[in-house]
Amino acid sequence: MVNRQRMRIFIAVELPGPVVEYLEMLQNRMKGMLENVRWVNPASIHLTLKFLGETDSDIQETLSRVVRKHTASQKAFTLSLAETGAFPNMTRPRIIWVGLDGDRESLSGLQK
């Protein structure tokens, strides 16, 4: 019997350093305004394209190769940060999100 490890796997875009720095600054400002929020390490902030859920860890390398192969010809596009919000709301936030403006059509194509 093989003992397989399960991992929470997702396909994501790493954000440029200046964007992460800005989001860290925004997070630090919000920390003073919101209580009982568990903040993530800014280095872990990313743009999730697809959440795959709990998956056997042995497919991670294969999945990485497939994603690299299918995105290698992706042309660069520009996005900018937009409004912020929270689920379920800003009074009792569980998730704080930042919207995007710019070439969302290219982002949608990448996601597909």
Value for CE (M7) from CD (E54), rounded to nearest 0.5 Å, stands at 9.5 Å
Reported CZ-to-CG distance for the pair R8 and L52, which is rounded to 0.5 angstrom:
11.0 Å
Same apolar cluster: V66 and I59, side chain cutoff 4.5 Å
no
Out of curiosity, F51 CZ to I9 CD1, how far, rounded to the nearest 0.5 Å?
9.5 Å
Taking NZ in K31 as the centre, count heavy atoms belonging to other residues, nucleotides or ligands within less than 6.0 Å. Is the count above 12?
yes
Flag, side chain of S108 to backbone of R104, donor-acceptor distance under 3.5 Å:
no
In the structure I gave you, are the side-chain heavy atoms of V67 and L63 within less than 4.5 Å of one another anywhere?
yes
Show the numbers, then the answer: is there a side chain to side chain contact (heavy atoms under 4.5 Å, CB included) between L26 and I96?
CA-CA 11 Å; L26 185 63; I96 297 171; over 6 Å; no
Do F87 and V37 sit in the same hydrophobic cluster, where Ile, Leu, Val, Met, Phe, Trp and Tyr count as joined when their side-chain heavy atoms come under 4.5 Å apart?
no
Spacing of L47 atom CG and F10 atom CZ [to the nearest 0.5 Å]:
10.5 Å
Between D56 and D58, is there a donor-acceptor pair closer than 3.5 Å when you use the side chain of the first and the backbone of the second?
no
Would you say V19 and I45 make side-chain contact, with heavy atoms under 4.5 Å?
no
Side chains of W39 and M30: does their closest heavy-atom pair fall under 4.5 Å?
yes
Q74 atom CD, over 12 foreign heavy atoms within 6.0 Å
yes
Pair H46, T48: side-chain N/O donor-acceptor within cut-off below 3.5 Å
yes
Does any part of the side chain of E61, heavy atoms only, come nearer than 4.5 Å to the side chain of R65, both counted from C-beta?
yes
Counting only heavy atoms not in R6 (residues, nucleotides, ligands), do more than 12 fall under 6.0 Å from its CZ?
yes
Measuring from Q27:CD to T84:OG1, what's the distance to the nearest 0.5 Å?
13.0 Å
Do W97 and E83 have side chains that get closer than 4.5 Å, going by heavy atoms?
yes
Look at atom CD of E14 and say whether more than 12 heavy atoms of other residues, nucleotides or ligands are closer to it than 6.0 Å.
no
CG-CE distance between L34 and M90, expressed to the nearest 0.5 angstrom:
5.0 Å
Show your working on side chain to side chain contact (heavy atoms under 4.5 Å, CB included) between L79 and D101 and close with a plain yes or no.
CA-CA 6 Å; L79 298 169; D101 278 331; over 6 Å; no
